[in-house]
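None of these values were measured; they are calculated from a predicted model. Note that the numbering runs from 1 along the sequence shown for the chain.
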Amino acid sequence: MAISTVTHVVLTGGIGSRLWPLSRKTLPKQYLELFDGESLFEKTVARNQNVATNTIVVGNIENYKMSDAIMAKFRKPFTHIVEAVPRNTAAAIAFAAFASNPEDILLITPSDHIIEKADLYNEALKQAIQLANQDYLITFGIKPTKPETGYGYIEFENENVIAFHEKPDLKTANAYLEKGNYFWNSGLFCFKAEKFLAELEKQEPEVYWTAKTAWNANENGFLDYELSLNIPSISIDYAVMERSAAIKVVPAQFAWSDLGSFESVYDYLVNKGHPIDSNKNIVIGTSMHTTFIGVKNCILIYTVDALMVLQKENSQEVKEVYQQLELIASPLL
């Protein structure tokens with residue numbers, strides 16, 4: 001079998017609203033240099049450099065200059081696809097597939113995840129690439145460490161996917177954990193460009209053809225606004241992965257977090273030696289002396305124009321604060 005060309009497709013859309021006020025529309029979480037002095041975007045590109053021959057960055061008109069600045073550090077050519085308006089992951093991945101050779105293996109990763117234990121990560125990639133070469137669409141499943149209600153789940157048997165499940169309530173999440181054959185859905189994928197496009201055309205022809213029309217009219221990777229508005233906004237999970245018969249799941253033994261909430265940021269920072277008081281309270285964003293009295297497991301987040309204090313366990317509620325600010329068109333976004 002010929003050696004596959006592996007293209008790393010980095011998805012840079014998303015604001016990270018659950019990490020407000022650190023994450024803003026003008027500086028989404030993937031660009032925050034909060035993690036060992038590097039951004040999540042930079043870490044994502046770096047860890048896939050060894051396996052990938054090419055890199056495609058799919059972003060939006062608001063953030064592409066930030067992506068370009070980070071990619072310049074790697075001093076390697078890359079393809080930048082700039083969306084005029086976000087149309088979710090099915091279209092974003094379709095653009096990358098249209099920009100690739102049909103036989104290219106696409107490794108799809110979000111730009112805002114933390115992955116550690118590089119040897120186990122590379123082993124999972126190797127397994128996924130082998131399966132992708134057999135014309136399967138690969139998703140990566142993460143073994144749950146707790147009854148998480150913020151992730152979707154994959155029900156599996158060996159490499160076979162039995163079903164995808166939406167974000168559960170706490171009781172259901174506990175049941176998944178007890179059963180043992182449920183993974184967190186990581187948002188990482190691997191497949192041939194032509195296989196993905198064939199499945200997309202089969203399952204969601206409108207997404208396929210409107211995305212193709214927009215792609216054919218691109219100018220140096222920049223997509224047209226009006227043509228992009230015609231594309232249905234739908235995720236790869238709904239469009240393809242939950243409906244295709246050609247899905248396999250690779251169990252991920254590596255350490256993974258999407259850092260999608262302040263609870264996960266808290267756990268990551270504390271694990272890295274971030275200062276913590278005797279009642280397990282932490283401060284993010286300032287070196288100002290801060291004292292917590294009578295509270296436990298709290299996070300104080302400081303920025304120049306906003307201050308937030310939250311109980312670690314209530315991290316999912318930050319999105320509601322963001323939504324309230326959206327309703328009043330707050331400049332704090």
Side-chain angles (χ1 to χ4, degrees), residues 7-49 52 54-89 91-96 99 106-115 187-188 214-215 218-225 228 233 257-262 264-265 268-269 284-286 301-306 318-319 322 325-326 329-333:
T7 296
H8 178 208
V9 178
V10 193
L11 304 179
T12 70
I15 296 163
S17 58
R18 286 178 294 171
L19 293 190
W20 184 89
L22 289 182
S23 186
R24 310 288 181 100
K25 288 180 178 178
T26 53
L27 189 64
K29 73 167 179 174
Q30 58 268 32
Y31 302 103
L32 295 169
E33 293 187 347
L34 186 63
F35 311 98
D36 307 327
E38 292 180 333
S39 67
L40 295 173
F41 182 109
E42 185 174 347
K43 286 180 174 291
T44 299
V45 175
R47 72 172 156 264
N48 291 287
Q49 287 281 292
N54 308 310
T55 303
I56 296 176
V57 178
V58 186
N60 58 48
I61 198 71
E62 283 84 18
N63 66 19
Y64 80 94
K65 290 182 180 177
M66 288 185 277
S67 297
D68 281 347
I70 291 170
M71 292 304 296
K73 296 182 181 183
F74 293 94
R75 299 183 180 180
K76 287 184 177 182
F78 71 102
T79 300
H80 205 159
I81 298 171
V82 182
E83 295 180 291
V85 58
R87 302 319 285 158
N88 218 313
T89 50
I93 295 165
F95 298 140
L106 306 184
L107 171 61
I108 315 292
T109 76
S111 59
D112 56 357
H113 291 186
I114 282 283
I115 290 176
L188 304 168
W215 175 249
N218 87 85
E219 294 186 13
N220 298 317
F222 285 77
L223 296 165
D224 179 81
Y225 179 80
S228 297
S233 179
S257 171
D258 72 344
L259 291 178
S261 68
F262 275 111
S264 55
V265 171
Y268 174 79
L269 292 176
I284 298 174
T286 180
I301 299 100
Y302 176 93
T303 70
V304 292
D305 59 358
V318 175
K319 193 165 189 175
Y322 189 93
L325 292 171
E326 274 190 315
S330 171
L332 293 173
L333 300 180

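Annotation: the span from Asn60 atom CG to Ile81 atom CD1 amounts to 13.0 Å, rounded to 0.5 Å. Note: Ile301 CD1 to Trp20 CH2 = 9.5 Å, rounded to the nearest 0.5 Å. Considering OG of Ser39 and CG of Leu32, their distance stands at 8.5 Å, rounded to 0.5 Å. A distance of 10.0 Å separates OG1 of Thr26 from CD1 of Ile15, quoted to the nearest 0.5 Å. Separating the NZ atom in Lys76 from the CD atom in Gln49 is a distance of 4.0 Å, to the nearest 0.5 Å. Note that CZ of Phe95 and CG of Asn218 are 9.5 Å apart. Values are rounded to the nearest 0.5 Å.
Side-chain contact between Leu259 and Asp112 is absent, with no heavy atoms from C-beta onward closer than 4.5 Å. Using a 4.5 Å cut-off on side-chain heavy atoms (C-beta onward), Leu11 and Ile93 make contact. Counting heavy atoms from C-beta on, the side chains of Phe222 and Ile61 come closer than 4.5 Å. Residues Leu188 and Ile115 are in side-chain contact: their nearest non-hydrogen atoms beyond the backbone lie under 4.5 Å apart. In this structure, the side chains of Lys29 and Leu22 stay at 4.5 Å or more apart for every pair of heavy atoms.
Heavy atoms only, all atoms of each residue included: Gln30 and Gly13 are closest at NE2-O, 3.6 Å. Among all heavy-atom pairs drawn from Gly14 and Pro28, the shortest one is O-CB, 3.5 Å. The two residues His8 and Val10 come nearest to each other via the heavy atoms CE1-CG2, 3.3 Å. The two atoms that bring Phe262 and Val318 nearest to each other are CD1-CG2, 4.2 Å, heavy atoms only. Annotation for Ala96 and Leu106: closest pair C-CD1, 4.5 Å, computed over non-hydrogen atoms. Of all the heavy atoms in Thr55 and Met71, the pair that sits closest is CG2-CE, 4.0 Å.
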Met66 and Phe41: CA distance, side-chain angles, deciding distance, side-chain contact (heavy atoms from CB on, under 4.5 Å) verdict
CA-CA 10 Å; Met66 288 185 277; Phe41 182 109; over 6 Å; no
Give the C-alpha distance, both sets of side-chain angles, the deciding distance and a yes or no for side-chain contact (heavy atoms from CB on, under 4.5 Å) between Thr79 and Asn54.
CA-CA 8 Å; Thr79 300; Asn54 308 310; over 6 Å; no
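Heavy-atom contacts from other residues, nucleotides or ligands closer than 6.0 Å to CZ of Phe74 number more than 12.
Checked by atom type, the side-chain pair Tyr31/Ser67 shows a donor-acceptor distance below 3.5 Å. Side chain to side chain, Arg24 and Thr303 meet the donor-acceptor criterion of an N or O pair below 3.5 Å.
The one candidate from Asn88, Val85, Thr89 that meets the side chain to side chain contact (heavy atoms under 4.5 Å, CB included) condition with Ser233 is Asn88.
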